[in-house]
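All residue numbers refer to positions in the sequence shown, counting from 1.
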Amino acid sequence: MPDRAQQPVDRQLPTEEARDLIALVRDIAQREIAPGAAEQEEAGVFPREVFSLLSESGLLGLPYSSEHGGGDQPYEVYLQVLEELASARLTVGLGVSVHSLACHALAGFGTKEQQAEHLPAMLGGGLLGAYCLSEPAAGSDAASLRTKAVRDGDDWVVHGTKAWITHGGVADFYTLLARTGGEGARGITAFLVPGDAPGLSAAAPEKKMGMKGSPTAQVHFDGVRVPDARRVGEEGQGFSIALAALDSGRLGIAACAVGVAQAALDAAVEYATDRRQFGRPIADFQGLRFMIADMATRIEAGRSLYLSAARLRDQGRPFSRQAAMAKLFCTDAAMSVTTDAVQILGGYGYTQDFPAERYMREAKVLQIVEGTNQIQRMVIARHLAGPETR
């Protein structure tokens, strides 16, 4: 069964411009993204043409300043755009979130000259970004990364391998975190590396249980020369830049999770109202009605949680704890909702003829990326009880 057009969510948006923006996103999602999503995911097709269309439509730089080609949209609006995109196809919604994450360092910490030179192409010039923090032996403990950048005149020479990189091998630029000093977080610096830099290569994409259309690969830096003019921020400031980006990125993952959960709920409700057993629709049976009610409640609660955190961010207030809470709750909710959707569809839910099984496989990765949900619990607890004693 092909993916159906999702039922529109009744959104509370701050401006008429935002309402028009959501209408545009829904139109693109229904016409260009959703119709072939299942087939393309199964075939592992990366939808580069969709990202080009999103760039042309001004949707790849929404939360950034219009001075450099961004959309001047508050996070409250940007995240709801991500939710709409992820509801149509997670590869696209998460891809936009990762691209925004890759732009964060330069937009927030670059010099005016760097921003003027690079941001217009990154935000609205058709480029697609990737974010290089994790390594084969440095995942949750990102401060232990080993990729090294050594100063050589006006350049830095980079050696090392990054892992689990979304858009690895297809990105036009990589925001790279590399070690330029001693051990620990204070020895890390951020760089903006072109995707075609000599010595930069990507391994074959990982073979994943879901999101097969989104390439996730190791990226190798074999003597890559990066001009000091592409260093972002001060030497040793890279880890704090990375953490600032991750707070925002976690909200992007939360919104994507709600989008996947909403798609699963829509599919489950459609099936339950159409499928008849014992002479009536299975949606008449109290057991299923309660499941649907719980699914909808989790989605609504998750949406409210990520929007509350986004509004704090838009007001310039601290939001790190709330971002961790939103990422934790929304992704756990997505896993629960998609599992229930498969159950409601019964045997059909376990087949690729219906989209529920794909949503369930995709939801799982959202509990892992941008900091596992165990890490989110650690972040939340530290805000409440202070750091762990050693």
Side-chain angles (χ1 to χ4, degrees), residues 13-15 17-18 20-22 24-25 28 50-86 92-133 166-167 171-176 190-195 230 232-233 237-238 240-256 306-307 309-317 319 323 370:
L13 296 163
T15 64
E17 180 186 14
D20 291 342
L21 178 62
I22 291 293
L24 169 65
V25 173
I28 291 174
V50 170
F51 288 101
S52 297
L53 174 61
L54 295 178
S55 182
E56 293 168 5
S57 304
L59 299 177
L60 284 192
L62 286 176
Y64 295 108
S65 170
S66 60
E67 179 184 359
H68 299 299
D72 276 333
Q73 290 299 313
Y75 241 64
E76 173 187 4
V77 173
Y78 159 69
L79 292 178
Q80 294 187 76
V81 168
L82 286 187
E83 184 190 328
E84 292 282 345
L85 293 172
V92 176
L94 187 138
V96 174
S97 180
V98 167
H99 174 80
S100 295
L101 182 69
C103 295
H104 186 277
L106 191 67
F109 298 89
T111 65
K112 290 187 179 299
E113 293 76 17
Q114 288 175 322
Q115 292 171 350
E117 181 178 358
H118 300 295
L119 276 180
M122 293 164 62
L123 298 179
L127 301 187
L128 189 65
Y131 188 75
C132 291
L133 176 60
T166 301
H167 301 157
D172 300 298
F173 66 90
Y174 295 84
T175 294
L176 168 70
F191 299 90
L192 182 68
V193 184
R230 282 181 168 265
V232 180
Q237 191 184 6
S240 61
I241 292 174
L243 292 182
L246 287 176
D247 283 340
S248 298
R250 285 166 180 163
L251 291 182
I253 299 303
C256 287
Y306 86 63
L307 286 174
R311 290 171 185 136
L312 287 176
R313 185 190 190 280
D314 290 334
Q315 295 165 14
R317 297 170 60 187
F319 69 101
E370 306 257 353

So salt bridge (Lys or Arg N to Asp or Glu O under 4.0 Å) across residues 62-80, not counting sequence neighbours, yields Glu76-Arg311
Scan Leu123, Leu54, Leu53, Leu127 and name whichever one has a side chain to side chain contact (heavy atoms under 4.5 Å, CB included) with Leu60.
-> Leu54
Glu370: salt bridge (Lys or Arg N to Asp or Glu O under 4.0 Å) partners, not counting sequence neighbours = none
Please name all residues satisfying ring-ring contact (aromatic ring centres under 6.0 Å, His included) with Tyr174, sequence neighbours left out, ordered by chain then number.
-> none
Who are the ring-ring contact (aromatic ring centres under 6.0 Å, His included) partners of Phe191, not counting sequence neighbours?
-> Trp156
Are side-chain heavy atoms of Tyr131 and Leu246 found at a separation under 4.5 Å?
-> yes
Donor-acceptor list for residues 94-108 side chains, cut-off 3.5 Å, not counting sequence neighbours:
residue	atom	partner	partner atom	Å
His99	ND1	Gly129	N	3.0
His99	NE2	Met122	O	2.8
Ser100	OG	Tyr78	OH	3.0
Ser100	OG	Val96	O	3.2

Determine, step by step, whether Phe173 and His167 satisfy the ring-ring contact (aromatic ring centres under 6.0 Å, His included) criterion, reporting the C-alpha distance in whole Å, the side-chain angles of both residues, the deciding distance to 0.1 Å, and the verdict.
-> CA-CA 10 Å; Phe173 66 90; His167 301 157; 9.8 Å; no
What residue pairs, at least two apart or across chains, pass side-chain hydrogen bond (donor to acceptor under 3.5 Å, both in side chains) with a residue in residues 51-65?
-> none
Only pairs at least two apart or in different chains count here, so list each side-chain hydrogen bond (donor to acceptor under 3.5 Å, both in side chains) that has a residue in residues 115-125.
-> none
I would like to know whether Ile28 and Leu85 meet side-chain contact (heavy atoms from CB on, under 4.5 Å); could you show each step before the answer?
-> CA-CA 9 Å; Ile28 291 174; Leu85 293 172; 5.5 Å; no
Heavy-atom closest contact (Ala323 atom, Ala309 atom, distance) | N-CB, 4.2 Å
What is the distance from atom CG of Leu133 to atom CG of Leu176, rounded to the nearest 0.5 Å?
-> 9.5 Å
Compare every heavy atom of Leu79 with every heavy atom of Ala310, then report the nearest pair and how far apart it is.
-> CB-CD1, 3.6 Å
Please name the pair of heavy atoms, one in Phe319 and one in Leu312, separated by the smallest distance, quoted to 0.1 Å.
-> CB-CB, 4.0 Å
Thr15 versus Ala18, closest heavy-atom pair with distance | OG1-N, 3.0 Å
Under 3.5 Å: donor-acceptor pair, side chain of Gln80, backbone of Val77 | no
Can you name the residues that form a side chain to side chain donor-acceptor pair (under 3.5 Å) with Asp247, not counting sequence neighbours?
-> Ser320
Pairing residues for Ser248 by the side chain to side chain donor-acceptor pair (under 3.5 Å) criterion, not counting sequence neighbours | Arg313
For Phe109, all residues meeting ring-ring contact (aromatic ring centres under 6.0 Å, His included), sequence neighbours excluded | none
Excluding sequence neighbours, so at least two apart, what forms salt bridge (Lys or Arg N to Asp or Glu O under 4.0 Å) with Asp172?
-> Arg48
Given Val232 and Thr175, is the side-chain contact (heavy atoms from CB on, under 4.5 Å) satisfied, shown in steps?
-> CA-CA 9 Å; Val232 180; Thr175 294; over 6 Å; no
Straight-line distance of Glu17 CD to Asp20 CG, nearest 0.5 Å | 8.0 Å
Hey, what do you get for CD (Gln114) to CG (Leu119), rounding to the nearest 0.5 Å?
-> 9.5 Å
